[in-house]
Amino acid sequence: MLDYTHKDWKARAARIAFRGQAFVDGKFVDAVSGRTFDSINPATGEVLAAVAECDAADVDRAVAAGRRAFEDGRWSRMAPGDRKAVLLRLAALIRANLEEMALLDSLDMGKLVTDAATIDAPGSAHFFQWYAECIDKLYDEVAPTGPGDLALVRRVPLGVVAAVTPWNFPLDMATWKASAALAAGNSVVLKPAEQSPLSALRLAELAAEAGVPDGVFNVVPGFGATAGQALGLHMGVDCLAFTGSTAIGKRFMQYSGQSNLKQVWPETGGKSPNIVFADCEDLDAAADMAAFGIFFNQGEVCSANSRLYVERSVKDALVEKLIARAQATQPGDPLDPASRMGAIVDEKQTEGIMRFVEAGTITANLVAGGKRIRIDGKGCFVQPTIFDDVGQDDPLARDEIFGPVLSVIAFDTEAEAVAMANDSIYGLAASVWTDNLSRACRVADKLHVGTVSVNTVDALSAQTPFGGMKQSGFGRDLSMHSLEKYTALKTTWIKYRS
Ligand code: NAD
Ligand code: MN
């Protein structure tokens with residue numbers, strides 16, 4: 001697959017049979033209303049598929065199916081080793097269909113197909129495998145009560161877990177939620193983002209093929225204000241795992257308060273700082289990763305390193321290296337392995353990015369990119385863009401742009417760098433570049449974020465939790481800690497004659 005040419009990928013894309021129906025209770029079905037919406041390829045503007053437009057009626061059906069499955073125990077009371085076998089089969093099926101899974105995300109939201117084929121789709125298989133392998137190795141507790149009393153403290157599944165996910169990593173965001181929630185024994189109702197529902201629907205089909213029983217994994221594509229809100233307010237949803245914007249994360253907390261006090265786990269926006277000190281010995285590596293940290297996935301990454309704080313003595317040298325890297329990262333057809341960046345997810349997001357860029361050209365110093373472009377006369381593409389001399393209070397340094405736009409700010413002292421890095425409503429991730437070990441540890445300690453990467457950016461693995469502080473939310477995906485979100489502690493106290 002990695003030796004495919006542009007022509008090979010196009011030929012394979014043309015052969016895909018898109019699944020556009022909702023997946024409820026083990027079957028593909030139309031929306032109750034019969035309505036559909038178009039799934040669009042942002043690289044071309046073409047309609048890929050008509051997708052079921054689910055609303056509250058479909059959510060009711062999916063939640064009821066999830067509840068029936070949970071109550072009769074077809075999954076929730078399956079032996080952990082048997083659930084493991086099913087999820088391992090699902091991981092294998094994702095690997096067997098890697099090319100299609102990669103194409104679905106690339107076509108639907110514009111990411112490079114080579115990234116989708118080497119990062120997103122293998123990642124999805126890996127995360128399902130990882131949680132599958134966990135679940136028959138988790139032991140519970142016996143409380144130290146003394147003779148005559150046996151108190152078992154167990155982690156039990158919650159029931160119906162709803163997941164509402166964004167479009168930037170459609171398959172992986174669905175996977176991060178569903179893999180852990182299913183492994184823990186819950187039923188899942190997933191609402192993928194309306195911009196990119198196709199991979200989630202295929203995932204549900206593969207899950208059924210792997211042996212996930214009917215009703216245990218349901219996918220209800222649709223819009224946020226209808227299907228998303230119906231899940232948030234549903235009296236039969238026990239837990240809502242959300243990844244998306246901070247504004248909507250807050251709304252889900254309100255939905256919970258207005259309904260059944262369901263657990264809500266928001267993982268929301270970011271404006272992650274990347275701090276480069278002059279004592280970082282490999283400035284080329286810092287430049288490579290700073291560029292990757294903002295241009296990978298068109299900058300549509302919640303933890304994108306969008307604020308670059310550089311010690312003044314090396315600022316000009318680093319910016320020069322970054323300009324060269326920006327120029328080498330030109331967007332192109334996502335299906336062309338020669339392209340270095342893909343398309344922005346849709347017209348609305350592209351226009352939003354361009355508003356920030358246009359305002360920034362007045363307040364800061366545009367040193368690379370800055371233009372919207374079209375490929376073969378079509379599509380939503382933005383050049384990799386760098387602003388130097390950005391003010392700390394400029395929207396370029398404050399707001400999540402969610403596009404390939406880097407803001408560079410110089411600093412003079414370590415304390416100043418830490419203060420500016422922490423001066424944000426967000427706290428998802430941060431990076432620090434230095435070869436001074438004490439400084440690395442000291443600065444890492446002071447940054448109010450969920451993950452600090454030292455001499456790299458965006459360190460992430462199945463083994464480590466991912467999530468934020470402050471208004472980046474408090475949910476944690478990945479690692480065994482994610483299972484805590486999808487289970488409740490339950491005490492069973494047994495009195496016996498001793
Ligand atoms: P969004 O909040 O607009 O949408 C996310 C999801 O919420 C979608 O499925 C959408 O349909 C749904 N939604 C929208 N309005 C809703 C409403 N009123 N009620 C219920 N549901 C609603 O975000 P987006 O633009 O799709 O994604 C980009 C955002 O996601 C960025 O802010 C980014 O930082 C964040 N993100 C965060 C993480 C993380 O792990 N912290 C990961 C990826 C993306
Ligand atoms: Mn789309």
Side-chain angles (χ1 to χ4, degrees), residues 18 37-49 51 53-54 56 59 104-111 162-170 172-174 176-177 190-200 220-234 240-256 264-272 297 299-304 306 334 343-349 352 380 399-403 426-429 449-451 458 460 465-478 482:
F18 298 105
F37 65 100
D38 288 340
S39 184
I40 293 169
N41 177 350
T44 61
E46 283 157 14
V47 175
L48 294 166
V51 176
E53 187 185 329
C54 294
V59 164
L104 288 175
D105 274 357
S106 174
L107 291 168
D108 215 0
M109 60 65 71
K111 70 171 64 217
V164 177
T165 53
W167 43 261
N168 56 344
F169 295 91
D172 279 9
M173 290 301 105
W176 286 16
K177 312 295 185 199
L190 166 69
K191 194 207 81 67
E194 53 272 32
Q195 294 89 343
S196 57
L198 298 173
S199 60
V220 285
F223 293 96
T226 47
Q229 173 168 308
L231 282 168
L233 289 171
H234 206 288
L240 200 138
F242 172 73
T243 294
S245 62
T246 294
I248 303 301
K250 290 179 182 178
R251 231 181 260 198
F252 274 105
M253 303 286 289
Q254 292 175 327
Y255 295 152
S256 171
V264 176
W265 298 107
E267 288 183 55
T268 53
K271 186 77 185 175
S272 296
N297 210 50
E300 296 164 323
V301 180
C302 50
S303 51
S306 50
I344 303 298
V345 66
D346 63 11
E347 199 56 53
K348 183 164 163 255
Q349 181 71 10
C380 301
D399 297 346
E400 181 177 47
I401 300 174
F402 224 58
Y426 298 112
L428 189 52
V449 299
T451 300
D458 258 339
L460 181 148
F466 180 93
M469 296 184 184
K470 300 196 275 185
Q471 292 191 44
S472 292
F474 48 82
R476 288 291 181 278
D477 277 317
L478 306 180
S482 172

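Just so it is clear, the model here is predicted, and its values are computed rather than measured. First listed ligand is number 1; within each ligand, the first listed atom is number 1.
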Any non-hydrogen protein atom below 4.0 Å of atom 13 (N) of ligand 1?
yes
Indicate the ring-plane relationship of Phe223 and Phe37, choosing parallel, tilted or perpendicular according to the 30° and 60° boundaries.
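Aromatic pair Phe223/Phe37 classed tilted.
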For Phe252 and Phe242, take the angle between the two ring planes, folded into 0 to 90°, and tell me which bin it lands in: parallel under 30, tilted 30 to 60, perpendicular over 60.
tilted
A side-chain contact here means heavy atoms from C-beta on lying under 4.5 Å apart; do [X] and [Y] qualify?
{"X": "Thr451", "Y": "Ser303", "answer": "no"}
{"X": "Gln195", "Y": "Gln349", "answer": "no"}
{"X": "Val220", "Y": "Lys191", "answer": "yes"}
{"X": "Asp105", "Y": "Phe169", "answer": "no"}
{"X": "Glu300", "Y": "Ile344", "answer": "yes"}
{"X": "Leu107", "Y": "Thr44", "answer": "no"}
{"X": "Pro197", "Y": "Ser39", "answer": "yes"}
{"X": "Thr243", "Y": "Asp477", "answer": "yes"}

Mark up the atoms of ligand 1 that fall under 4.0 Å of a heavy atom belonging to [X], in ascending order.
{"X": "Thr243", "answer": "5 (C), 36 (N), 37 (C), 38 (C), 39 (C), 40 (O), 42 (C), 43 (C), 44 (C)"}
{"X": "Gly224", "answer": "11 (O), 12 (C), 13 (N), 14 (C), 15 (N), 16 (C), 17 (C), 19 (N), 20 (C), 21 (N), 22 (C)"}
{"X": "Gly228", "answer": "20 (C), 21 (N)"}
{"X": "Val164", "answer": "6 (C), 7 (O), 9 (O), 12 (C)"}
{"X": "Asn168", "answer": "43 (C), 44 (C)"}
{"X": "Phe252", "answer": "20 (C), 21 (N)"}

Atoms of protein origin (N, O or S) under 2.8 Å from the Mn ion (ligand 2):
Ile40 O, Asp108 O, Asp108 OD1, Gln195 O
Does [X] come within less than 4.0 Å of ligand 1, judged by its heavy atoms?
{"X": "Gly468", "answer": "no"}
{"X": "Phe169", "answer": "no"}
{"X": "Phe466", "answer": "yes"}

Protein heavy atom at shortest distance from [atom]:
{"atom": "atom 8 (C) of ligand 1", "value": "Thr165 O, 3.3 Å"}
{"atom": "atom 27 (O) of ligand 1", "value": "Pro166 CB, 3.6 Å"}
{"atom": "atom 19 (N) of ligand 1", "value": "Tyr255 OH, 2.8 Å"}
{"atom": "atom 15 (N) of ligand 1", "value": "Ile248 CD1, 3.4 Å"}
{"atom": "atom 10 (C) of ligand 1", "value": "Glu194 OE1, 3.6 Å"}
{"atom": "atom 25 (O) of ligand 1", "value": "Trp167 NE1, 3.2 Å"}
{"atom": "atom 41 (N) of ligand 1", "value": "Thr268 O, 2.7 Å"}
{"atom": "atom 28 (C) of ligand 1", "value": "Phe402 CE2, 3.5 Å"}

Whether the side chain of Arg251 engages the backbone of Thr246 through a donor-acceptor N/O pair (distance < 3.5 Å, no angle test) should be reported.
no
Taking N or O atoms only and a 3.5 Å limit, does [X] qualify as a polar contact for ligand 1?
{"X": "Ser245", "result": "yes"}
{"X": "Leu428", "result": "no"}
{"X": "Lys191", "result": "yes"}
{"X": "Gln195", "result": "no"}

From the candidates Gly244, Ser472, Gly352, the one that places a heavy atom nearest atom 30 (O) of ligand 1
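Residue with the shortest heavy-atom distance to the ligand atom: Gly244.
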Look at atom 42 (C) of ligand 1 and find which of Pro197, Ala230, Cys302 reaches it with the closest heavy atom.
Cys302
Trp167: partners by ring pair (Phe, Tyr, Trp, His ring centres under 6.0 Å), with sequence neighbours left out:
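With sequence neighbours excluded, Trp167 shows a ring pair (Phe, Tyr, Trp, His ring centres under 6.0 Å) to Phe402, given in chain and number order.
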Taking heavy atoms and a distance under 4.0 Å, where does Glu400 meet ligand 1: side chain, backbone, both or neither?
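The answer is the side chain of Glu400.
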Name all residues meeting the salt bridge (charged side-chain N to carboxylate O under 4.0 Å, His left out) criterion together with Lys111; count only those two or more places apart in sequence or in a different chain, and write none if there are none.
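With sequence neighbours excluded, Lys111 shows a salt bridge (charged side-chain N to carboxylate O under 4.0 Å, His left out) to Asp120, given in chain and number order.
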List for me each residue that meets salt bridge (charged side-chain N to carboxylate O under 4.0 Å, His left out) alongside Glu267, sequence neighbours excluded, and say none if there are none.
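Result, salt bridge (charged side-chain N to carboxylate O under 4.0 Å, His left out) vs Glu267: Lys177, Lys485.
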Out of curiosity, Glu53 CD to Asp38 CG, how far, rounded to the nearest 0.5 Å?
10.5 Å
From CE (Met253) to CH2 (Trp265), nearest 0.5 Å
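Between atom CE of Met253 and atom CH2 of Trp265 there are 9.5 Å.
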So which atom in Phe18 and which in Ala49 form the shortest heavy-atom distance, rounded to 0.1 Å?
CB-CB, 3.8 Å
Do you know which two heavy atoms are closest between Ser256 and Val264, and how far apart they sit?
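Distance-wise, the nearest heavy atoms are CB-CG2, 3.6 Å.
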